[in-house]
Structures are given as C-alpha cells and as structure tokens.
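One-based numbering, in listed order, for ligands and for the atoms of each. Scope of the values below: all heavy atoms of this structure, side chains included, with no hydrogens, waters or symmetry mates.
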Amino acid sequence: MRHSPLPFPLHHRRRLARALAAIALLSGAACNSGPNEDGGGAGVSASLNDLMKERGLDESNVSAALKTYTPTGVHDPYIMFASGGQSGQVLVIGIPSMRILKYIAVFTPEPWQGYGYGDETNTILAAGQRDGRTLSWGDSHHPALSETNGDYDGQFLFINDKANARIAVIDLKDFATKQIVMSGLIQSDHGGTFVTPNTEYVVEGAQYPAPLGGGYAPIERYAEDYKGAVIFWKFDREKGRIDRAKSFAMELPPYMQDLTDAGKLVSDGWVFLNSLNTELSIGGTLEGRPPLESGASQNDMDYMHIIPWRRAAEVAGMAGKTKEIAGMRVIPLDVSLSEGLLYFVGEPKSPHGVDVTPDGSQMVVAGKLDTHGTVYSFAKIKAQIDQKKFEAKDRYGVPILSFKDSIDGQVELGLGPLHTQYIGDGMALTSLFLESAVVRWSVKDLKVIDKIPVHYNVGHIAAAEGDTVSPDGKYLVAMNKWAIDRFQPVGPLLPQNFQLVDVSGSQMQLLYDMPLPLGEPHYAQIIKADKLHPEDIYKPAGVNPVTAQHDPDTVTAGKERIERRADGVHVFMSAVRSHFTPDIIRVKEGDTVHLHITNVEQAHDATHGFTIDLYNVHQSLEPGKHVNASFVADVPGVFPMYCTEFCSALHLEMAGYLLVEPKEGGAPAPGVAPAPGDAPAPGDAPAPGDAPAPGDAPTPDAPAPGSE
Ligand code: RUQ
Ligand code: CUA
C-alpha cells in the first residue's frame with residue numbers, strides 16, 4: 001500500500017545529498033571519509049546506501065524522513081491543536097515532527113495537570129454539570145483558535161463537547177482550560193466551535209433535535225416539538241471568558257444542523273450552517289420505520305442555513321424579540337422569519353462541512369452521498385436575499401433561495417467528499433471518505449489537480465492556517481478514521497491515524513504516520529508557532545491560573561501556617577525544592593481540610609506535584625502557581641503526602657505526613673503499640689528508657705491546628 005516513489009527535481013536531489021552527507025557525518029558513520037567537494041564522498045553514500053538497504057527505505061522514504069526529522073532542541077514551525085475525541089481533551093502537536101507536546105485537560109479530569117482534583121478546576125468542571133450531574137468525559141469535536149480579522153491570533157482556543165452540548169475556553173497563555181459553559185438549551189452540538197472573524201462570538205450549532213431547554217415530548221411530535229438551534233456565545237476577550245448574559249440563541253427547524261462556518265471579509269457578518277434530514281426521519285428500527293441513516297437520505301437536497309449574525313445580535317437586544325429558555329435569550333423562529341434572520345439554499349444530499357474561502361466570497365459544500373464539491377457564491381446569495389427573490393418556503397416558512405442561482409459551479413471530486421481546507425492561490429483540499437484520498441483542486445477554475453491516497457477513511461483534514469483569510473499551504477494532516485494495518489496490532493480497538501502530507505510541491509507527498517491512541521479526534525487547526533506566546537512561569541509567584549488573579553490565599557515563604565477556622569483547617573503551604581512547609585499536618589477525624597499551596601519558585605520548569613494518599617488529592621504546581629484543594633479527612637490514620645514530580649535529586653525527601661487523629665474513643669490502628677496503661681500486646685512493649693518516636697509529639701515548627 002506504500003505509494004509510489006516520486007521523481008525528484010535535480011535541485012531536490014542535490015539538497016538531499018547534502019543533507020544525507022550531514023547526517024552521515026553526525027552519526028559518525030563516515031568517520032574516515034570527510035565530505036567531498038563534489039557534494040558527497042563515496043564513503044558517505046556507501047554508508048547511507050547501507051542504511052537505506054538495511055531498513056528497506058527508498059528515496060521517497062528518505063526525503064520524507066528529512067522533511068520531518070527535527071533535531072533535539074529545534075522547535076516545530078507549526079503547532080496543531082487537535083480535538084481528543086472521546087477523551088474530552090485537546091492535543092497539541094508539533095508539525096512537521098508530529099511530536100505530541102501536550103494533552104490539554106478540558107472536559108475530563110486529568111491527574112497530571114491536577115485538573116478536576118482541586119477547588120478551582122472542580123468548579124470549572126462543575127459548571128458543565130447537566131441537571132446536577134457531574135460529567136467526567138466529553139466528545140470533543142471542533143477546536144477553534146481565536147481570530148483577529150479572520151486570522152488566528154494565538155490567544156485563545158475553544159472546543160465543543162458534542163455529547164452534552166458544552167463549550168470550553170482555553171487560554172493559550174498557559175494552555176489551560178478556564179471555563180466550560182453549558183446552555184441547557186440543546187441536548188447535543190456539532191456545529192461548534194467556530195468563531196466570527198474577530199472572535200465576537202463563538203458559534204455552537206445543535207445536532208440532534210430535541211425540545212429546547214430539555215424535557216419530554218413524544219417523538220411522534222418531532223416535526224412540531226423537536227427543535228434545532230444555534231447559539232452565539234459572546235466572548236469577552238478582555239476577561240478571556242464567555243459572557244453568558246450577552247449570549248443569545250436562535251430557534252431553528254428540526255433539521256440536524258451539522259457544521260458551521262463564519263463568513264469573512266466580504267461575507268463578514270454572516271454565518272452558514274449545513275444540515276441534514278429534511279425528511280424529518282426519526283428512526284424506529286423496531287417500530288416499522290427505516291433507520292435514521294436511510295430515512296434521512298431520501299431527498300436529493302438538504303438545506304444550508306444562512307444567517308446574518310450581526311443583525312441577529314441586534315434583534316436579540318431588542319425588547320420583546322426573544323423568549324427566555326433555560327436562562328438563555330432565544331429568538332423564536334417566527335421572529336427570525338419576520339426579521340429576515342434565516343434563509344435556506346439547497347445543498348446536495350447529506351452534506352458534511354461548509355467551508356468559506358479565504359476571501360470570503362464563496363462557500364464549498366461537499367455532499368457525503370454526492371461526488372461533487374459545490375461552490376456557492378456569497379454575492380449571488382446576497383443578491384437574492386436583497387431582492388427577496390425566493391423559490392419557495394419550507395414547511396416552517398423559511399424562504400428558500402434558488403440552488404442554481406446561488407452557485408458558481410460544481411466539481412466532480414470523488415467518492416464521499418467531506419471537508420475542505422484552503423492552501424492559497426484559489427486552491428483547496430477536500431477529504432474523500434469513501435475513496436480514502438485527499439483531492440487537490442482549484443476552486444477558481446473548478447478543476448481537479450491531483451489526488452493522494454491516505455490510509456484509511458479520512459474525515460477532517462487540516463492544512464496550515466487552512467481556514468483563515470491567509471492559508472499557508474505547506475502541510476496537510478489527514479485525520480484518518482481507520483488505521484487497519486498501518487501499525488503494530490494492539491487488539492481490536494485500533495488507534496486513529498494522522499497522516500502528514502507535504503502539499504507544497506507539484507505532487508503531494510505522504511511524510512509521516514502518527515497513531516492517535518486517545519480517542520477519535522475530529523477537527524484540528526494548525527497555527528504558525530511564532531503566533532503563540534505562552535508564559536514560561538506564573539509570575540509573580542502566587543497566581544491562581546483559573547481566576548488569573550493573585551490568589552487571596554497565596555503563601556509566601558516564611559508565612560506558612562495552619563489555622564483552624566469555623567469551616568475547617570486551613571493549611572497555608574509553600575513548595576520549594578525540596579520540601580513542603582509545613583510537612584506535617586495534624587487534623588482530627590471529620591475535619592474539612594483546605595489546602596492552599598504556592599510553588600514559590602520562579603525557575604523555568606521547576607514543577608512540583610502534590611498528593612495525599614487516599615484522599616484523591618493531586619495537584620500540579622508549576623513555578624509560581626497557587627492551588628486550593630479541599631477534602632474531608634473522614635478516615636483516621638497516617639497518610640504520606642509527597643511531591644509527584646521528580647523535581648530534584650532530593651525529590652524523595654519532598655514529603656511529609658497528614659495525621660488524622662481518630663475521634664474520642666476511636667479504635668487504635670491495628671499493629672500500633674497501645675498507650676501506657678493499656679495492656680501491652682505481646683512483644684510490642686517498648687523497652688524502658690526508649691525515646692519517643694519522632695512525630696509522636698507536636699514539633700515546634702508544626703503547630704497543632706488551632707494553636708496559631
Ligand atoms: S465531523 S469527519 Cu467535524 Cu464531527 Cu466531519
Ligand atoms: Cu518537588 Cu518532587
């Protein structure tokens with residue numbers, strides 16, 4: 001299945017020879033033959049030929065290796081943010097090396113980062129509760145980088161959880177999740193996250209229709225009581241948070257809204273959503289109806305939704321134009337119709353993906369069950385809307401534009417086209433799911449250029465800055481759903497396969513296979529690395545990363561203490577190589593313990609971990625970070641606490657004890673010598689004159705709770 005070696009232009013061969021010579025020298029393989037003036041001595045090529053032979057590599061393999069190999073200490077020019085699928089996380093991957101740099105904890109507790117194991121991160125996860133239930137996973141689908149003038153600005157990242165219709169905000173200053181919002185309006189989402197060109201709004205489109213705001217309605221009332229929706233979450237860039245009160249939603253007909261894209265430049269102010277199931281099929285495989293999959297594939301056309309979001313935001317702000325559902329301002333469908341906020345245009349059978357071109361003038365839609373890419377013209381759509389020239393209305397009264405008057409044309413792309421990315425010069429790449437290939441084509445000329453096979457069943461694709469106003473081209477990552485035979489077998493559950501493709505040359509070249517063993521990533525975005533400016537420490541020491549403030553309970557060196565208050569025992573602790581102060585915490589069974597821990601260090605990468613056995617406490621303390629964690633010490637005993645990061649040579653000594661004294665009359669621990677006066681257990685009696693064991697009496701520097 002390896003695809004055929006590519007012919008190399010001469011200058012590539014020369015560059016290759018020089019690079020190979022350099023590798024051979026570095027590896028010491030050619031120690032007795034220096035580089036020749038003619039660009040590669042006999043010894044060099046001989047040893048490289050041997051190496052290639054030994055590993056069974058051809059010239060295209062070697063060129064792929066040279067295009068991805070990244071020496072130690074060298075950073076990647078691009079960074080990819082990929083959804084982590086069912087893991088509920090986001091992956092950060094360097095391109096072209098395909099090195100995984102981070103898993104960002106988002107919808108799922110993540111112990112290493114202490115996410116979901118401390119007060120503030122628990123609060124983030126709790127904000128994503130539905131009906132009082134804490135959800136400990138997410139189906140993350142579509143990451144969206146914040147944009148300024150339609151270009152990634154490297155400041156924030158958003159991602160949705162399809163399973164529970166939630167949106168998360170990640171700050172790229174520290175690559176950490178800051179907020180999860182859940183509308184309570186819709187039951188699932190798919191058309192999110194997508195941002196408007198200046199990140200005014202983060203768009204979340206529903207997927208599976210249901211009664212708005214939750215609650216029951218018989219499925220026989222699907223057409224009447226089940227609804228779709230799109231939510232416009234207002235983003236406050238200053239605060240770095242979504243502002244729920246300024247957000248609004250629009251009720252939509254119960255077509256399954258699928259994906260979204262925001263217009264840009266000439267189409268700025270508009271948003272486009274594709275949808276499926278104009279048939280309003282409801283499934284019912286045991287009830288004599290066809291399964292959803294065939295029921296929803298009867299009609300030749302579904303509807304692209306066209307929404308002027310700026311106008312919709314104005315209407316949402318007018319008195320009497322919205323209904324409040326689940327605490328959200330919702331524009332009802334009849335208001336959208338009377339205010340001109342919703343239009344439809346047909347799109348070929350079971351569309352998947354609507355992707356606005358870099359100049360904003362066109363939208364590309366691919367129909368999963370159609371072989372074409374359809375190119376819509378924003379100007380043609382806008383003209384019909386301005387002239388109120390509608391062909392028909394759907395059963396809910398939504399005006400439908402003429403399909404043939406809305407498009408610039410269609411291109412036969414291949415089997416099962418899904419998603420489109422742009423690479424500049426009017427060129428696009430589209431994934432072909434059924435064909436397991438990516439097609440490169442000219443949107444300008446409506447012409448296919450070439451195809452590259454991928455392995456296998458490609459879903460989304462991501463090209464460098466490929467959905468911005470200025471795509472970079474260069475690299476493409478095919479996010480393949482199946483791996484089949486690409487990797488060592490690991491049982492029936494296989495990894496996904498990210499394939500890196502060089503799209504800069506006259507022929508596309510497959511460079512690298514990267515197994516994704518964490519979940520099924522859906523979409524990814526690739527940003528130029530030099531647009532990212534993360535902080536290397538939290539400064540000054542004592543910053544709480546969740547509130548982004550100097551924490552009121554920050555601990556400074558010398559001010560460590562333990563205080564007993566009405567709400568429990570407060571431990572103000574500092575962490576520094578290689579000790580915690582205090583390192584002994586004494587509490588009584590049943591006490592609530594509030595830990596306030598500051599890593600007072602400001603040295604790059606001097607991270608400490610903190611855990612206490614049994615109590616499920618784990619925190620990551622990067623330099624300068626402050627965390628708060630509370631728990632009820634309801635089990636008496638002796639619980640070691642220690643630093644879980646190998647932070648220094650004396651790391652093992654970075655430890656201490658939580659001593660939970662039993663309540664009055666509590667049973668002594670098994671195996672402990674009884675106190676004087678108790679009958680000694682045979683063999684356990686201390687010899688007369690023995691000194692008390694250290695830790696048996698309060699030490700001067702670790703006052704008992706309440707003795708401050
Ligand atoms: S999806 S593979 Cu974005 Cu969930 Cu198309
Ligand atoms: Cu701090 Cu190990």
> In the protein, which heavy atom is nearest to atom 5 (Cu) of ligand 1, and how far is it?
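So the nearest neighbour among protein heavy atoms is His352 NE2, 2.0 Å.
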> For atom 2 (Cu) of ligand 2, does an N/O/S atom of His608 lie at less than 2.8 Å?
no
> Please determine, by modelled atom types, if Asn164 and Arg130 share a side-chain donor-acceptor pair under 3.5 angstrom.
yes
> Using distance alone, with no hydrogens and no angle criterion, decide if Glu622 and Asn599 have a side-chain donor and acceptor under 3.5 Å apart.
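Checked: Glu622/Asn599 side chains show no N/O donor-acceptor pair below 3.5 Å.
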> Walk me through whether Leu595 and Ile585 qualify under side-chain contact (heavy atoms from CB on, under 4.5 Å).
CA-CA 10 Å; Leu595 298 168; Ile585 303 171; 4.0 Å; yes
> Going by the atom numbers of ligand 1, which of them fall below 4.0 Å from some non-hydrogen atom of His190?
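The list of qualifying atoms is 1 (S), 3 (Cu), 4 (Cu).
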> Any idea which atoms of ligand 1 are less than 4.0 Å away from a heavy-atom of His522?
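Every atom of ligand 1 under 4.0 Å from some heavy atom of His522: 1 (S), 4 (Cu).
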> Apply ring pair (Phe, Tyr, Trp, His ring centres under 6.0 Å) to Phe81 and Phe175, showing your working.
CA-CA 11 Å; Phe81 292 92; Phe175 286 53; 5.8 Å; yes
> Which angle, to 10 degrees, forms at atom 2 (Cu) of ligand 2 with ND1 of His651 on one side and O of Glu645 on the other?
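Centred on atom 2 (Cu) of ligand 2, the ND1/O angle is 70° (to 10°).
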> Between His141 and ligand 1, find which residue part has any heavy-atom pair under 4.0 Å and reply side chain, backbone, both or neither.
side chain
> With distance as the sole criterion, is a donor-acceptor pair present between the side chains of His190 and Asp258 under 3.5 Å?
yes
> My understanding is that only one of Val202, Val356, Leu259 makes a side chain to side chain contact (heavy atoms under 4.5 Å, CB included) with Phe194; could you say which?
Leu259
> Near Trp482 CH2, under 6.0 Å, is it more than 12 heavy atoms from other residues, nucleotides or ligands?
no
> Under a 4.0 angstrom heavy-atom cut-off, which atoms of ligand 1 come close to Gly459?
2 (S)
> How about His419: does one of its N, O or S atoms come closer than 2.8 Å to atom 5 (Cu) of ligand 1?
yes
> Which ligand 1 atoms does His460 reach within 4.0 Å, using its non-hydrogen atoms?
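Within the 4.0 Å cut-off of His460, ligand 1 contributes 1 (S), 2 (S), 3 (Cu), 5 (Cu).
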> With atoms numbered from 1 as shown, which atoms in ligand 1 lie under 4.0 angstrom from a non-hydrogen atom of His142?
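Ligand 1 atoms under the 4.0 Å threshold to His142: 1 (S), 3 (Cu), 4 (Cu).
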